[in-house]
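Single-structure report; data block below.
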Amino acid sequence: MRKTVLITGVSGGIGKELADRFVKGGHNIVLVARSESKIVELAQEYRKKYGIQATVIAKDVAAPGVPEEIFTELKEKGITVDYLVNNAGFGLFGTFMETDMELEVNMIDVNIKALTVMTKLFLPDMIKRGQGGVMNVASLVGFFPGPMMSVYYATKAYVLSFTEALANEVRGTGVTLTALCPGLTSTGFVDRSGMGASKMSKGAIMEAGQVAEEGYRGFLRGKTLIIPGARNRFIAFMPRLLPRKMVTRLIRSLQDRTEH
Ligand SMILES: NC(=O)c1ccc[n+]([C@@H]2O[C@H](COP(=O)([O-])OP(=O)(O)OC[C@H]3O[C@@H](n4cnc5c(N)ncnc54)[C@H](OP(=O)(O)O)[C@@H]3O)[C@@H](O)[C@H]2O)c1
């Protein structure tokens, strides 16, 4: 029997690339994002191309009660979610003094609250069935404090810590927890966050397809931590070698605005 994956933030970027791989691998899919027309079209394409079942839920995962609505809707439709991928997320560039509070609180709601509630809702049934998995899209930045994007980096540190802790708690149940930690990736993220103004955005960047490929393979193997790209794996190791203050200063120098 086909397994079903639910992916949030599937209308573009890493989420869409992950979706492509899951459906190609014969999985049914539940597509969640706000851009309804994009995911309706994607669902039609997947059904036609792969003969799989694709369910569209065009919702804002951070709106109050939405994760619960998604959970109930799928129960009522008799759709079992075998794999959950919490990918929806965004960042915001600028010093904490200049960034917009409402946007930042919304970021916490998307990157942390929705991801936590979705996991809380879907994980227990997976444990009962003795199989399944949750992949949370964290980031390479989850390993560092991030001046100029302080709230975003902190949300990803939460996702990383939360996921590794849960991976430990569910050991031996047949269910796995995975933190996917991409470095800078070519998606709509840089423009949406405003970090195009930073020096970092001019540095090495990976293709979303390559990130998704490593993520998909590692997730199906039950890996707890996936850092796509050898260079990124080395960077993640850096905080273990350097004093913490130095790491923060280094990130600051990379995150600073480019001079015009
Ligand atoms: N790109 C990078 O450099 C990078 C690096 C490390 C980690 N990440 C993480 O990777 C994940 C995917 O980002 P991306 O790079 O693929 O960026 P992206 O191209 O901007 O895609 C973000 C996706 O999240 C969805 N989304 C945002 N807010 C949402 C909400 N409230 N409810 C439902 N869906 C929402 C968007 O869809 P709608 O607008 O249609 O809702 C979109 O499909 C994020 O968690 C991001 O933090 C990105």
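Start at 1 and go down the list; that is how both ligands and their atoms are numbered. In what follows, residues are counted from 1 in the order of the sequence shown. Here the structure is a predicted model, which is why all the values come from computation and not from measurement.
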Show which residues join V105 in its hydrophobic cluster (side-chain heavy-atom contacts under 4.5 Å, direct or indirect), or state none.
M101
Check each of T119, T8, N111 against N86 using the side chain to side chain donor-acceptor pair (under 3.5 Å) test, and report the only one that passes.
T119
Might you confirm whether atom CZ of R231 has over 12 heavy atoms from other residues, nucleotides or ligands at distances under 6.0 Å?
no
Which residue is it: Q44, E45, K49? I am looking for the one with a side chain to side chain contact (heavy atoms under 4.5 Å, CB included) to R47.
Q44
For the residue pair Y216 and F22, is the inter-centroid distance of their aromatic rings smaller than 6.0 Å?
yes
In order of chain and number, which residues sit within 4.0 Å of ligand 1 by heavy atom?
G9, V10, S11, G12, G13, I14, A33, R34, S35, K59, D60, V61, N87, A88, G89, V110, V137, A138, S139, Y152, K156, P182, G183, L184, T185, T187, G188, F189, R192
Kindly say whether V61 contributes a backbone atom to a donor-acceptor pair with the side chain of K113 at under 3.5 angstrom?
no
